[in-house]
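Here, residue 1 is the first one in the sequence, and each next residue gets the next number.
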Amino acid sequence: SISTERMQRLLDEGNVVIAAGFQGIDEDFNITTLGRGGSDTTAVALAAVLGAESCEIYTDVDGVYTTDPRVLPEARRVERISYDEMLELASLGASVMHNRSIEFAKKFGVPIHVRSSFSDTEGTMIVTEQESATSPVSGAAMTPDEARVTVLGVPDVPGKSLEIFSAIAAKKIAVDMVVQNVGDRGKADVSFTVRRDDLETTLATLGEVIDTLGADGITHDDDVSKVSVVGANMAEQAGVASEMFRALARADVNIQMITTSEIKISALVPRSQASTALRAVHRSFQLHEKPNDAKSWHQIKADREAGVEVETLISRLRDDALEALTLTGISVLDHQARVTLMGVPDRPGIAADMFERIGAAGISVDMIVQGFDGIDGSTSVSFTVGEGALEAGMKVAKEIADSHGMRGVQGVGKIAKVTVSGIGLRSHTHVATLLFQTLSESDINVEMISTSELQVNAVISSSAAETAKKGLEKVFAGSLG
């Protein structure tokens, strides 16, 4: 909670107040530090509780760029970016601001103005609205030092995902990309990424539980990087994934894993090709050019309706815990179907061809996951569609499989996607563990998984969807906003 009586009194007396942003007091009135990002987070919190028009953050850069300008000199500074887009970019390694401060700004509607300490450049506003209402992608990022871990031959029964990720969470290891392939012959493969520095501990942890898991083995690769594109508009636009995959194919970059969410698409690539991959997607989505419909912050302010009253914000800030988890919803997308291509050749261009052909057939795709399937180094790719599109999806998938010599195609209807949405879910690592635990306790098997900063998604049987939703609403009742 935040108390501002003393500060407000000093301000009213005409004083300039200086606050030590990185520290506070605990419940026993001991002085303690807030951890990394504490100064930014304190600044945002004070701006909110004092009813400031915005929170100005002065730093060593002059704003937020479409990607890291140290890697791509053609990167463009954006005038405005949305909280959700910035959260995803921060989680991907954008070092302009710590994601905790952005979580807090979104939670309480505080505009953040990122500016340079060394120039009068206008900088970037981080607000609710994105820069463009039409551009599908607003930024791209590369996370260079990743490691991929695959647990092979995990029994395809309820509770196994929980066993894997609860063991890793107990070691305080942050898991990033998570892909669970569809079960084949009663077993599935679970792939995920961790920081390269955490690989040794991760492998040792999995070695302790592999026998109780009943898995066949573990493989890993510490020579990979993640390249992602982020955009608040991509969910409403078709062809964004295929455009990214085609850009990587033109650059002869091989894709090893794929995960998607509402506003992010990530691909795991060889580390030696990471910079090439980043440049390819940045150029393909023309991120170096300002969108024609981009609005300035001054235009946005003029268009805005009256927001939350200051007194309401003050009450919320005083009552809320700074680090409290805030979930925005638990939802079920029912009447879905899943198509899986098995034995996908591990070479550039396959994913681009697949999703260009699927798009040409007029099929709208929701989730996409690609991971290792443990056979001959090939991969498997699964995607979800509306149940009414299953037959058409299977037809195109069989044509794709035949043209590339894939091992087979599998299609299943009567599935549902359960989604837990919130702010900063990567910071609150227990969310995914609680989701898996809740599903396991209800004897619900997880068929597919995808994660992001804003969502954790699990694909389950439609018959279990309502049970899952009720169970999750009960478990997260105290965090639902």
>> Any side-chain to backbone donor/acceptor pair from S440 onto F436? Under 3.5 Å, distance only.
In response: no

> So, are E466 and K469 salt-bridged, with charged N and O less than 4.0 Å apart?
Replying inline: no

>> My understanding is that only residues two or more places apart in sequence, or in another chain, count here; which of them pass salt bridge (charged side-chain N to carboxylate O under 4.0 Å, His left out) with R279?
In response: E74

> Would a 4.5 Å heavy-atom cut-off, applied to side chains only, mark V64 and M86 as touching?
Replying inline: yes

> Under the salt bridge (charged side-chain N to carboxylate O under 4.0 Å, His left out) test, which residues partner E79, sequence neighbours left out?
Replying inline: K290

> What do the steps show when you test K107 against E103 for salt bridge (charged side-chain N to carboxylate O under 4.0 Å, His left out), and what is the final call?
Replying inline: CA-CA 6 Å; K107 187 174 181 179; E103 292 169 21; over 6 Å; no

> Mind checking whether D62 and F118 have side chains closer than 4.5 Å, heavy atoms only?
Replying inline: no

> Is any side-chain heavy atom of V369 closer than 4.5 Å to a side-chain heavy atom of I258?
Replying inline: no

>> Please check this pair: side chain of T384 against backbone of A337, looking for a donor-acceptor N/O pair closer than 3.5 Å.
In response: no

> Taking S479 for the side chain and L327 for the main chain, is one N or O donor matched with an acceptor at less than 3.5 Å?
Replying inline: no

> Can you list the residues that meet the salt bridge (charged side-chain N to carboxylate O under 4.0 Å, His left out) rule with R271, with sequence neighbours excluded?
Replying inline: D145, D223

Pairs of donor and acceptor atoms involving the side chains of residues 232-242, under 3.5 Å and at least two apart or interchain, shall be tabulated with distances.
from: N233; atom 1: OD1; to: Q130; atom 2: NE2; distance (Å): 2.8
from: N233; atom 1: ND2; to: S132; atom 2: O; distance (Å): 2.8
from: N233; atom 1: ND2; to: S135; atom 2: O; distance (Å): 2.9
from: Q237; atom 1: NE2; to: T134; atom 2: O; distance (Å): 2.3
from: S242; atom 1: OG; to: G239; atom 2: O; distance (Å): 3.0

> Looking only at side chains, do Q455 and S261 share a donor and an acceptor under 3.5 Å apart?
Replying inline: no

>> Checking A360 now: which residues fulfil side chain to side chain contact (heavy atoms under 4.5 Å, CB included) with it, not counting sequence neighbours?
In response: none

> Is any side-chain N of the basic residue among E129 and R80 closer than 4.0 Å to the acidic one's carboxylate O?
Replying inline: no

> Would you say the side-chain atoms of T66 pair up with the backbone N or O of R76, donor to acceptor, closer than 3.5 Å?
Replying inline: yes

>> Regarding S82 and E85, do their side chains bring together a donor and an acceptor under 3.5 Å, going by distance alone?
In response: yes

> Do K414 and Q336 come close enough that some side-chain heavy atom pair is under 4.5 Å?
Replying inline: no

> Looking at residues at least two apart in the chain, or sitting in another chain, which of them share a side chain to side chain contact (heavy atoms under 4.5 Å, CB included) with D222?
Replying inline: A147, R196, L199

